[in-house]
Asks: 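Next up is a structure, given as structure tokens.
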Amino acid sequence: MKIQKVVLKEMEFVAVGDEYEKRFINEKSHPAFLTNAAVKKGYDSGLLESSLFEDLLKIKGLEALITQTDEEASLELLNAFDEQKLIAVIYLAVIGANKNLGLSFEEFLELYHYPLTETIQLYANLIVGLLSESNEFAKELQKQTKKSKKK
């Protein structure tokens, strides 16, 4: 499993002449990875409702459509993603890797300032990491059960 990095920061607006400029302050980097416990917490709290694997298949479909020129189909698939759900999964990954962070989802949203394309990429990386870890667990379990049958 590859550990992802999520940068959280505060946003402020500063007067520059007659206009305002957006600035980010108090930037802090956090490790992020999905654990089975974090995913369960997501389902228990209502942040997750559908299968992460199902969403990963949508992302694979999105990658295929991006290479095509059918803009309407690409927009339709993009609309299938709920940005709040993507961010909720990222939140669970940050909380899963940083148990003492103590941020509510609403507080996390105040500090999360990624564009949609980066959010989708981070989300996909987190799901792939969880699924590959689960797959490794299954392989190891299968190896161990084969050994115990031979004895």
Side-chain angles (χ1 to χ4, degrees), residues 1-140:
M1 160 182 54
K2 184 176 179 199
I3 297 173
Q4 302 299 311
K5 178 174 84 167
V6 175
V7 178
L8 300 177
K9 52 196 168 191
E10 295 175 39
M11 181 173 47
E12 69 176 5
F13 293 93
V14 179
V16 179
D18 291 341
E19 297 180 10
Y20 287 93
E21 185 177 287
K22 178 172 62 173
R23 292 189 185 159
F24 294 107
I25 59 170
N26 299 328
E27 187 174 300
K28 186 163 183 199
S29 178
H30 299 278
F33 53 87
L34 285 171
T35 63
N36 290 330
V39 171
K40 181 182 181 325
K41 181 179 181 178
Y43 284 116
D44 291 347
S45 67
L47 286 173
L48 297 179
E49 295 173 1
S50 65
S51 162
L52 296 178
F53 184 70
E54 180 183 315
D55 292 341
L56 180 61
L57 294 177
K58 286 182 195 173
I59 290 171
K60 289 294 184 189
L62 178 64
E63 289 173 359
L65 281 178
I66 286 172
T67 61
Q68 297 175 4
T69 57
D70 186 358
E71 192 174 311
E72 186 176 313
S74 296
L75 285 174
E76 184 179 319
L77 193 54
L78 265 176
N79 288 333
F81 287 104
D82 176 1
E83 188 174 6
Q84 291 300 306
K85 180 184 176 187
L86 303 180
I87 296 172
V89 170
I90 294 167
Y91 164 74
L92 292 169
V94 170
I95 295 301
N98 303 276
K99 301 209 184 316
N100 298 322
L101 191 58
L103 287 177
S104 69
F105 182 57
E106 289 75 22
E107 292 168 328
F108 180 83
L109 287 173
E110 291 287 330
L111 301 172
Y112 183 87
H113 302 286
Y114 283 67
L116 179 59
T117 53
E118 288 181 37
T119 296
I120 291 172
Q121 184 64 51
L122 179 57
Y123 175 84
N125 290 341
L126 290 167
I127 294 176
V128 168
L130 178 66
L131 293 176
S132 67
E133 181 180 282
S134 297
N135 200 18
E136 289 300 314
F137 174 76
K139 286 179 188 175
E140 288 301 314

Asks: Please determine whether side chain to side chain contact (heavy atoms under 4.5 Å, CB included) holds for the pair Leu109 and Tyr91, giving the CA-CA distance in whole Å, both sets of side-chain angles, and the decisive distance to 0.1 Å.
Replies: CA-CA 9 Å; Leu109 287 173; Tyr91 164 74; over 6 Å; no
Asks: Find out whether Leu92 and Val39 are in side-chain contact, i.e. whether some heavy atom of one side chain is under 4.5 Å from a heavy atom of the other.
Replies: no
Asks: How many angstroms lie between atom CG of Leu111 and atom CG of Asn26, to the nearest 0.5 angstrom?
Replies: 9.0 Å
Asks: For residues Phe105 and Gln84, report the shortest heavy-atom separation together with the two atoms involved.
Replies: CZ-O, 4.0 Å
Asks: If we ignore hydrogens and angles and just use 3.5 Å, is the side chain of Asn98 paired with the main-chain N or O of Pro31 as donor and acceptor?
Replies: yes
Asks: Which heavy atom of Leu126 sits nearest to which heavy atom of Leu34, and what is that distance?
Replies: O-CD1, 3.8 Å
Asks: Are Tyr20 and Phe13 an aromatic pair by the rule of ring centers under 6.0 Å?
Replies: no
Asks: Nearest 0.5 Å please: distance from the CD atom of Glu110 over to the CE atom of Met11.
Replies: 8.0 Å
Asks: Which is it for Leu48 and Val89 under the side chain to side chain contact (heavy atoms under 4.5 Å, CB included) test, yes or no, and what are the steps along the way?
Replies: CA-CA 8 Å; Leu48 297 179; Val89 170; 3.3 Å; yes
Asks: Are the side chain of His113 and the backbone of Lys9 linked by a donor-acceptor contact shorter than 3.5 Å?
Replies: yes
Asks: With rounding to the nearest 0.5 angstrom, report the CG to CD1 distance, Leu47 to Ile95.
Replies: 10.5 Å
Asks: Any side-chain heavy-atom pair from Lys28 and His30 closer than 4.5 angstrom?
Replies: yes
Asks: Tell me if a side-chain donor or acceptor on Glu107 pairs with a main-chain N or O of Ser104 at a distance below 3.5 Å.
Replies: yes
Asks: For the pair Ile90 and Phe108, evaluate side chain to side chain contact (heavy atoms under 4.5 Å, CB included) and give the outcome as yes or no after the intermediate values.
Replies: CA-CA 10 Å; Ile90 294 167; Phe108 180 83; 4.0 Å; yes
Asks: Just checking Glu19: does its CD atom have more than 12 heavy atoms from other residues, nucleotides or ligands closer to it than 6.0 angstrom?
Replies: no
Asks: Go through it in stages, so that I can follow the logic: the residues are Gln4 and Leu122, the test is side chain to side chain contact (heavy atoms under 4.5 Å, CB included), and I'd like the CA-CA distance, side-chain angles, deciding distance and then a yes or no.
Replies: CA-CA 8 Å; Gln4 302 299 311; Leu122 179 57; 3.6 Å; yes
Asks: So does Val7 get a backbone contact from the side chain of Tyr114, meaning a donor-acceptor N/O pair under 3.5 Å?
Replies: yes
Asks: For the residue pair Val94 and Ala32, what are the closest heavy atoms and their distance?
Replies: CG2-CB, 3.9 Å
